[in-house]
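Step one of this worksheet: look at the structure below.
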Amino acid sequence: MSSHEIPEADEQLPEKRETAEGAVEVSEDPFADPGMPPHEHRKQDIDERAARRSERTVALLFTSSMLATIAFIAAYVAIPVDKYIYVFPIGHISALNFTLGLTLGVALFGIGAGAVHWARTLMSDVEIADERHPIEASPEVKAKVMADFRAGAAESGFGRRKLARNTLFGALALVPLSGLVLLGGLGPMPGTKLRHTKWAKGKLLMNQNTMQPLRPEDIVVGSLTFAMPEGMEEDQHDFQTEIAKAALMLVRLQPEDIKDKHELDWSHDGIVAFSKICTHVGCPINLYEQQTHHVLCPCHQSTFDLADGGRVIFGPAGHALPQLHITVNDEGYLEAMGDFPEPVGPAFWERG
Ligand code: FES
């Protein structure tokens with residue numbers, strides 16, 4: 001017979017299997033249930049001293065988890081954020097991050113390893129065959145399941161192995177504290193810091209790529225131009241924070257396309273300037289559709305109409321993009337008439 005041909009039923013070879021005693025049994029039924037292999041007792045099943053040793057190992061692992069959680073909290077409080085240490089082969093890294101990662105890792109490992117060791121050495125490992133049965137269990141089966149569950153609970157030693165059980169409760173109770181402590185790392189509330197940006201009356205609009213002041217003729221129809229206030233240098237310590245708030249996008253529209261009268265007053269010759277920070281959760285907006293004057297936030301697809309006051313026309317953003325009032329100075333450069341009239345970015349609750 002070739003390897004592609006399926007054998008006829010009567011061509012099936014009878015199944016051979018070895019018994020526990022080593023004799024070879026030949027079954028006439030090739031699909032006969034081979035049955036369970038003989039159960040082998042573990043050392044802990046027959047030696048109470050070995051079982052107690054295993055319980056102490058489990059307790060040691062859970063206790064190491066508790067100690068690691070306490071060390072995590074102590075490290076969070078005691079180690080300064082600007083302290084660096086040398087760790088081979090990584091190099092210089094933050095001592096705080098290294099210690100937090102290490103202690104949290106040990107805390108989680110202690111719980112996991114303790115649970116696995118408990119299951120492998122102390123909980124019952126007797127094999128149980130569950131015969132197939134109709135999907136809806138009969139009352140007798142349900143009663144049996146409950147009886148098996150209670151027997152399993154008793155065999156797991158949860159009631160009897162008090163040391164392992166109590167240390168497990170302790171480790172599980174302590175480990176969430178690590179997450180609570182990390183909430184402190186979110187830093188202080190922004191308070192009123194979102195209310196003000198570096199834009200002010202008379203500040204020139206600088207091209208964010210060339211760092212040159214922008215003239216109206218630099219803003220071409222059909223594309224977005226990104227700008228930032230004059231006087232911002234990349235080596236300033238707060239540059240990243242301030243550019244994240246002051247980021248501006250400019251677009252040239254036909255003045256007659258601008259639907260909002262207020263927007264028209266704040267524009268110059270069809271050039272409108274809006275905050276580039278999405279009012280949903282603060283992603284930078286960078287997709288522009290010339291025909292519709294819509295800009296799209298790539299994060300969650302909020303869409304804003306730049307010809308209608310930056311109004312939200314789609315997506316989860318809660319309010320329109322703030323507009324910057326611009327004009328042209330005597331030298332022909334675009335400049336701001338003041339700061340944004342409202343906080344930029346997401347509508348967090350503390351903005352008031
Ligand atoms: S951040 Fe822009 S849509 Fe979510």
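Start at 1 and go down the list; that is how both ligands and their atoms are numbered. The chain is numbered in sequence order, starting from 1.
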Are any non-hydrogen side-chain atoms of V295 and L321 less than 4.5 angstrom apart?
-> yes
Do the ring centers of F158 and W118 come within less than 6.0 Å of each other?
-> yes
Would you tell me whether C297 and C283 have their SG atoms within less than 2.5 Å of each other?
-> no
Under-2.8 Å protein N/O/S neighbours of atom 4 (Fe) of ligand 1, ordered by chain then residue number = H280 ND1, H300 ND1
Taking all heavy atoms of L253 and all of E263, pick out the closest pair and write down the distance.
-> CD1-OE2, 4.2 Å
E55 and side chain to side chain donor-acceptor pair (under 3.5 Å): which partner among Q44, R161, R160, K162?
-> R161
For E331 against R215, the heavy-atom pair lying closest together = O-NH1, 3.4 Å
